[in-house]
Amino acid sequence: MTAVLFDFSGTLFRVESTESWLRGALTEAEMECGEAELTEAAQALEAMGALPGGVDPSWLPEDVASVWGVRDKSAELHRAAYTGLARHVRLPDERLYDLLYDRHMAPAAWMPYPDTAEVLRTLCERGIGVGVVSNIGWDLRPVFREHGLDAYVDTYALSYEHGIQKPDHRLFAAACAALDADPREVVMVGDNRRADGGAAALGCAVHFVDHLPAAQRPDGLRPVLDLVGAAATANGTDPRRKK
């Protein structure tokens with residue numbers, strides 16, 4: 001293998017809990033909310049799937065259904081979809097709907113999985129190209145910078161920047177091209193079998209991890225190192241990072 005592509009949410013990073021998300025937005029806005037009201041609102045937001053990167057919606061309101069399937073194709077659609085879900089929950093202040101959306105884009109809202117830094121650093125040291133391929137409506141690069149991981153990523157293929165979302169093979173192809181990597185020598189790592197499995201159409205190998213809270217998945221990415229090492233040994237290659 002000459003390169004590894006990673007999904008972002010649920011693969012390399014995990015978003016904060018819905019309650020932490022709501023508390024963070026309230027704190028940043030200097031708004032007060034009683035504990036019972038906060039707990040009730042957080043539970044309702046989670047049931048609606050209003051936190052990007054969190055659980056899927058339990059149901060789709062009619063006003064959101066029309067954009068849900070294409071929400072990752074643009075920043076505008078992404079915001080409309082998730083603020084639309086949130087607006088089906090009664091919150092103490094109208095401003096919170098947009099503040100919550102803004103909060104989820106903050107680096108503080110995201111935590112890398114315990115083995116993310118180790119795996120990315122080791123791949124870099126081995127000369128393996130690294131790309132991040134994500135269905136997303138905003139620029140996640142600041143998250144990597146804030147957590148000191150941007151030096152290990154060679155390219156980003158973000159759906160909203162291309163107007164294409166996984167499982168469309170063209171998004172994976174864009175990442176492979178940026179890495180100057182033959183897709184047949186690339187492995188895609190993700191948590192969504194449908195979306196991330198789209199890389200197989202290009203000939204990429206695909207490896208899945210479980211979308212779990214960070215504390216419950218301490219070493220889910222480490223098998224990737226064995227997978228890449230085994231492939232290199234089998235092919236008799238010593239891959240070097242391509243620039």
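Values in this document were obtained by computation on a predicted structure and should not be read as measured data.
Of all the heavy atoms in G129 and D154, the pair that sits closest is CA-OD2, 3.4 Å. When all heavy atoms are compared, the tightest approach of A47 to S58 is O-OG, 2.7 Å. Across every non-hydrogen atom of Y82 and G49, the tightest pair is CE2-O, 3.6 Å. Here the shortest heavy-atom pairing between H169 and A201 reads CB-CB, 4.2 Å. Nearest heavy atoms, L202 versus A173: CD1-N, 3.4 Å. Minimum heavy-atom separation, V133 to M188: O-CE, 4.3 Å.
Applying the side chain to side chain donor-acceptor pair (under 3.5 Å) definition to pairs two or more places apart or across chains, those involving residues 5-15 are D7-T11, D7-K166, T11-D191, R14-H211.
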Query raised in the report: When you look at Q216 and D210, which way does the side-chain contact (heavy atoms from CB on, under 4.5 Å) test go after all the steps?
Result: CA-CA 10 Å; Q216 296 178 27; D210 294 323; over 6 Å; no
Query raised in the report: Between L96 and L26, does a side-chain contact (heavy atoms from CB on, under 4.5 Å) hold up when you go through it step by step?
Result: CA-CA 8 Å; L96 275 171; L26 287 166; 3.8 Å; yes
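Taking the salt bridge (Lys or Arg N to Asp or Glu O under 4.0 Å) definition, one finds that E161 meets it with R141, sequence neighbours left out. Applying the ring-ring contact (aromatic ring centres under 6.0 Å, His included) test to Y101 and every residue at least two apart in sequence or in another chain returns H78, H104. Residues that satisfy the salt bridge (Lys or Arg N to Asp or Glu O under 4.0 Å) test with D102, not counting sequence neighbours, are R79. Qualifying salt bridge (Lys or Arg N to Asp or Glu O under 4.0 Å) partners for E146, counting only residues two or more places apart in sequence or in other chains: none. Applying the ring-ring contact (aromatic ring centres under 6.0 Å, His included) test to H147 and every residue at least two apart in sequence or in another chain returns F13.
Annotation: R170, atom CZ; neighbour count of heavy atoms from other residues, nucleotides and ligands within 6.0 Å does not exceed 12. For R222, the CZ atom counts as densely surrounded, since its 6.0 Å shell holds more than 12 non-hydrogen atoms of other residues, nucleotides or ligands. Within a 6.0 Å radius of CE in M105, other residues, nucleotides and ligands contribute more than 12 heavy atoms.
L12 and L212 are assigned to two separate hydrophobic clusters, defined by single-linkage of ILVMFWY side chains at heavy-atom distances under 4.5 Å. Note on M31 and L38: same hydrophobic cluster, where clusters join Ile, Leu, Val, Met, Phe, Trp and Tyr whose side-chain heavy atoms are under 4.5 Å apart, directly or indirectly. One hydrophobic cluster, built from ILVMFWY side chains closer than 4.5 Å, cannot hold both V209 and M111; they sit in different ones.
The closest donor-acceptor contact from the side chain of S159 to the backbone of I136 lies under 3.5 Å. Under the 3.5 Å distance criterion, the side-chain polar atoms of R217 are left unmatched by any main-chain donor or acceptor of Y113. Proximity of a side-chain donor or acceptor of S20 to a complementary backbone N or O of S17 within less than 3.5 Å is not detected. Judged by distance alone, the side chain of D115 and the main-chain N or O of L221 form a donor-acceptor pair under 3.5 Å. For the pair Y160 (side chain) and D139 (backbone), a donor-acceptor distance under 3.5 Å is present. One N or O on the side chain of Q165 and one on the backbone of G69 form a donor-acceptor pair closer than 3.5 Å.
Using a 4.5 Å heavy-atom cutoff, the side chains of D150 and Y156 are in contact. A heavy-atom distance below 4.5 Å is not found between the side chains of L45 and L51. For the pair F172 and V206, the minimum side-chain heavy-atom distance is 4.5 Å or more. Inter-residue side-chain proximity for L91 and L100 is flagged as met; some heavy-atom pair is nearer than 4.5 Å. Side chains of L77 and D72 form no contact here, defined as non-hydrogen atoms less than 4.5 Å apart. When side chains are defined from C-beta on, V15 does not count as touching P52, because their heavy atoms never get closer than 4.5 Å. In this structure, the side chains of W68 and L85 come closer than 4.5 Å at one or more pairs of heavy atoms. Residues V132 and F144 meet the side-chain proximity criterion, which asks for heavy atoms closer than 4.5 Å.
In this structure, CD on E28 lies 5.0 Å from CZ on R103, to the nearest 0.5 angstrom. Between L5 atom CG and T155 atom OG1 the span is 9.0 Å, to the nearest 0.5 Å. Remark: R121 CZ to Y152 OH distance equals 5.5 Å, nearest 0.5 Å. A distance of 11.0 Å separates CD in E125 from CG in L120, rounded to the nearest 0.5 Å. Between atom NE2 of residue H207 and atom CG of residue D226 there is a gap of 9.5 Å, rounded to the nearest 0.5 Å. The distance from atom CD of E30 to atom CD of E32, rounded to the nearest 0.5 Å, is 10.0 Å.
A tilted orientation is assigned to the rings of W110 and W138, their planes being inclined by 30° to 60°.
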